[in-house]
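As the structure is a computational prediction, the values presented were derived from the model and not from experiment.
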Amino acid sequence: MTSTAPETQRGHDAGDPLGEQPTSWQRRLRRFGHVPRPETSLRDRLDPPYTRPGRQVWSVLAIPPHVADRLVRWSAWGGPLLVTLVAGLLRFWKLDQPHAVIFDETYYAKDAWALVNQGYEGSWPKDVDKQILNDPSSVPVPTDPGYVVHPPVGKWIIGLGEQLFGFTPFGWRFMVAVLGTISVLLLCRIGRRLFRSTFLGCLAGLLLAVDGLHFVMSRTALLDLIVMFFVLAAFGCLVVDRDHARRGLASALPVDEEGVLRPNAQVAETLRLGWRPWRLAAGVMLGLAFATKWNGLYVLAAFGLMTVLWDVGARRTAGAVHPYQAVLRRDLIPAFVSTVPVAIVTYVVSWTGWIVTDKGYYRNWAATEGKDSSWSWLFPDWLRSLWHYENQVYDFHVGLTSGHTYESNPWSWLVLGRPVSYYYEEQTGCTESATGKCAAEVLAIGTPLLWWLACFALAYVVWRWFFRRDWRAGAIACGVVAGWLPWFFYQERTIFLFYAVVFVPFLCLAVTMMLGAIAGPAAGTGARAELGLTTQDPTGERRRTLGAIAVGVLVLLIIWNFIYFWPLYTGTSIPMEDWRSRMWLDTWV
């Protein structure tokens, strides 16, 4: 993994940053190649520097130093934007194909069209999909309210695309593709900030760009990709907030006569970190996730706990003797107010269309069936009606146990045990096939090699968090757990593998972290000292070269795997024998 540790202090031994002479047993160990782990300065532990490519790279390419510096600065945004451009081209290529209402688009595309036209979902007639595809202008928006079981934000977003490009497959998929593309940019920047490496950040974004499940969900008008976008945006906001908070602590700590930052218990335990807009933004993003699908509520709880623990770690690093008590007094209430109430208010506001139109399903329940409620004197009718509606929806969700062909247990998700077929069409008279048959399918399945590699990466992340106390590993694990673990409580419910798209970005971060460890630390960084490798060490250079080759091979295999499954992601017609050759597991059929 590319380390965030800075270079050791100039003029001192790499293993003795304070200039102390090693003991005799340390000198004996060094004869056998042992190098003590370098100590990192307090400032760099609170605010780690970004890694920079070694000069050797630029020397080989014959690039002058001043040009190299400019390229490094440009790459911080240029690299992520380039990866995002590739992801966008892939996602928008023939976005209107297949020209069909695939899987649950039959619900969300129509609900979104009703929302943007009248403010509430309507009760659509059965078998209206073909008419919509043939002539959407001939289909009136139903005024009778429809019973829906998901909050409105995701449908408002889908409806925006329909307003721009019409009630067509391209229209209802457009905004989802936009969010899927932007999420690649977000992950590049988040990965760069997490690992303090532009290269690793871009690698994480590239892995997301070529993940099959994220790709398919970016081209389908379902809600789960939208939840993923807001969850990832909230995570990014919290990571930025963490950096700003730790930088504020560093600026408040005293500096000794040698200019070295020193820990101070009084400052660490009493300093108020002030206005934290990024944490507030995270609260809004989590509210929007919750207002798209209710599983965003679990992410809110997990991320809220995570950001508080980050404050504990920051104050402990700064010198707090009792960091938990300090956070309890200084940070806990602001953290709670910035996330939970903000998310709840965001959720309620998302129902504005249902509230003001006065025609939505259960909108007038409080004035009719619920008029005798003992709470009628305390809460307005619209709020009591909304609460009743939410209760009914919750009962529906927990009671949804009817079987489905493509349902799967969350235990099987990471190994892609049972993907979901969104669209399938078999064609006869196909000249490309020896049997005369072709198949076109849209299969919601992750890129297999990426996901199977992620199983090992998650084990590495857990190990690194537990034994090395690496906060980055803990943050990645938190993202996976928040998106995956809640479904284990509803195993009797009808659930699907595509729900896992919410934590796909964190799988990509986990794989990136493991690939970074395989590649080894960059030349000239403090991580080389940590591993006992110096620029002049041929063993270290050999290890770095072999690691880079291994990472390059793995990434190329993942990209090849994505290309191989491309027909199954896009609904491209292929000979039946080619389709069967891609059914690697019997459960994929």
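When all heavy atoms of Arg315 and Thr270 are compared, the closest pair comes out as NH1-N, 4.4 Å. Considering all non-hydrogen atoms of both residues, Ser183 and Leu232 come closest at O-CD2, 3.4 Å. Shortest non-hydrogen contact noted between Leu497 and Arg418 is CB-O, 3.7 Å. Cys202 approaches Cys188 most closely through the heavy-atom pair CA-SG, 4.0 Å. For His214 against Gly180, the heavy-atom pair with the smallest separation is CE1-O, 3.2 Å. Scanning both residues, Ala87 and Val184, for their nearest heavy atoms gives CB-CG2, 3.7 Å.
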- Task: In sequence, state the C-alpha distance, the side-chain angles, and the governing distance for Arg468 and Asp470, and then conclude on salt bridge (Lys or Arg N to Asp or Glu O under 4.0 Å).
- Result: CA-CA 5 Å; Arg468 300 291 294 275; Asp470 191 327; over 6 Å; no
- Task: List the steps, then state whether side-chain contact (heavy atoms from CB on, under 4.5 Å) holds for Trp354 with Leu386.
- Result: CA-CA 9 Å; Trp354 180 86; Leu386 180 59; 3.8 Å; yes
- Message: I'd like to know whether Val442 forms a side-chain contact (heavy atoms from CB on, under 4.5 Å) with Thr570, so could you lay out the CA-CA distance, the side-chain angles of the two residues, the decisive distance to 0.1 Å, and finally the verdict.
- Response: CA-CA 6 Å; Val442 176; Thr570 57; over 6 Å; no
- Item | From CA spacing to verdict: salt bridge (Lys or Arg N to Asp or Glu O under 4.0 Å), Arg173, Glu105 | CA-CA 9 Å; Arg173 295 169 189 163; Glu105 284 186 342; 2.9 Å; yes
- Decide yes or no on salt bridge (Lys or Arg N to Asp or Glu O under 4.0 Å) for Arg246 and Asp47, but give the supporting numbers first. CA-CA 6 Å; Arg246 294 173 75 91; Asp47 186 20; over 6 Å; no
- Query: Which is it for Met514 and Arg464 under the side-chain contact (heavy atoms from CB on, under 4.5 Å) test, yes or no, and what are the steps along the way?
  - Reply: CA-CA 10 Å; Met514 185 177 71; Arg464 191 173 181 97; over 6 Å; no
- Task: Would you please test Trp156 and Leu160 for side-chain contact (heavy atoms from CB on, under 4.5 Å) and show each step?
- Result: CA-CA 6 Å; Trp156 279 112; Leu160 176 59; over 6 Å; no
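Between the side chain of Ser251 and the main chain of Gly248, a donor-acceptor pair closer than 3.5 Å is present. Using modelled atom types, one side-chain atom of Trp452 and one backbone atom of Val415 make a donor-acceptor pair closer than 3.5 Å. Using modelled atom types, no side-chain atom of Gln491 and backbone atom of Asn409 make a donor-acceptor pair closer than 3.5 Å. At distances below 3.5 Å, not a single donor-acceptor pair connects side-chain atoms of Trp471 with backbone N or O atoms of Gly313. Remark: the backbone N or O of Met217 is not paired with any side-chain donor or acceptor of Thr220 at under 3.5 angstrom. A side-chain donor-acceptor contact under 3.5 Å links Arg196 to the backbone of Pro48.
Rounding to the nearest 0.5 Å places OG of Ser421 at 13.5 Å from CH2 of Trp588. The distance from atom CD1 of Ile190 to atom SG of Cys508, rounded to the nearest 0.5 Å, is 12.0 Å. A distance of 13.0 Å separates OH of Tyr324 from CG of Asp331, quoted to the nearest 0.5 Å. Rounded to the nearest 0.5 angstrom, Leu207 CG and Phe562 CZ are separated by 12.0 Å. In this structure, Leu507 CG and Leu208 CG are separated by 10.0 Å, a value rounded to the nearest 0.5 Å. To the nearest 0.5 angstrom, Thr447 atom OG1 is 6.0 Å from Asn561 atom CG.
You'll find the side chain of Trp451 reaches within 4.5 Å of the side chain of Val504, heavy atoms only. Side-chain contact check for Leu288 versus Tyr347: every heavy-atom pair is 4.5 Å or farther apart. Inter-residue side-chain proximity for Tyr460 and Trp465 is flagged as unmet; no heavy-atom pair is nearer than 4.5 Å. Proximity of Leu458 to Leu414: side-chain heavy atoms (C-beta onward) are separated by under 4.5 Å at one or more points. In this structure, Met175 and Ile158 have side chains that are not in contact, with every pair of non-hydrogen atoms separated by 4.5 Å or more.
Around the CH2 atom of Trp278, the shell of radius 6.0 Å holds no more than 12 heavy atoms that belong to other residues, nucleotides or ligands. In the displayed structure, Tyr564 atom OH is contacted under 6.0 Å by more than 12 heavy atoms of other residues, nucleotides or ligands. Counting non-hydrogen atoms of other residues, nucleotides and ligands closer than 6.0 Å to OH of Tyr107 gives a total of 12 or fewer. Within a 6.0 Å sphere centred on OH of Tyr423, other residues, nucleotides and ligands contribute more than 12 heavy atoms. With a 6.0 Å radius and a threshold of 12 heavy atoms from other residues, nucleotides or ligands, Trp560 has its CH2 atom above the threshold.
A distance below 6.0 Å separates the ring centres of Phe496 and His404. Checked against the 6.0 Å centroid threshold, Trp172 and Tyr108 do not count as a close aromatic pair. The six-membered or imidazole ring of Phe303 lies away from that of Trp310, with a centre-to-centre distance of 6.0 Å or more. Close placement of the Phe103 and Phe498 rings is indicated, their centers lying within 6.0 Å of each other. Less than 6.0 angstrom separates the ring centroid of Phe488 from the ring centroid of Trp484.
Cation-pi check for Arg219 over Tyr569 is not met; the charged atom does not lie both under 6.0 angstrom from the ring centroid and within 45 degrees of its normal. Both cation-pi conditions hold for Arg189 and Trp77: the charged atom is under 6.0 angstrom from the six-membered ring centre and inside a 45 degree cone around its axis. A cation-pi arrangement is not found for Arg91 relative to Phe215, the charged atom failing to lie both closer than 6.0 Å to the ring centre and inside a 45° cone about the ring normal. Taking the ring axis of Phe466 as reference, the NZ or CZ atom of Arg469 stays within 45° of it and closer than 6.0 Å to the ring centre.
Checked options Arg316, Arg279, Arg330, Arg242; the residue passing with Asp311 is Arg279 (criterion: salt bridge (charged side-chain N to carboxylate O under 4.0 Å, His left out)). Remark: of the listed residues Val342, Val340, Thr346, Val299, Val299 is the sole one forming a side-chain contact (heavy atoms from CB on, under 4.5 Å) with Leu286.
A perpendicular orientation is assigned to the rings of Tyr298 and Tyr490, their planes being inclined by more than 60° (bins at 30° and 60°). Between Phe290 and Trp294, the ring-plane angle classifies as tilted under the 30° and 60° cut-offs.
There is a side-chain donor-acceptor pair under 3.5 Å between Arg192 and Thr198.
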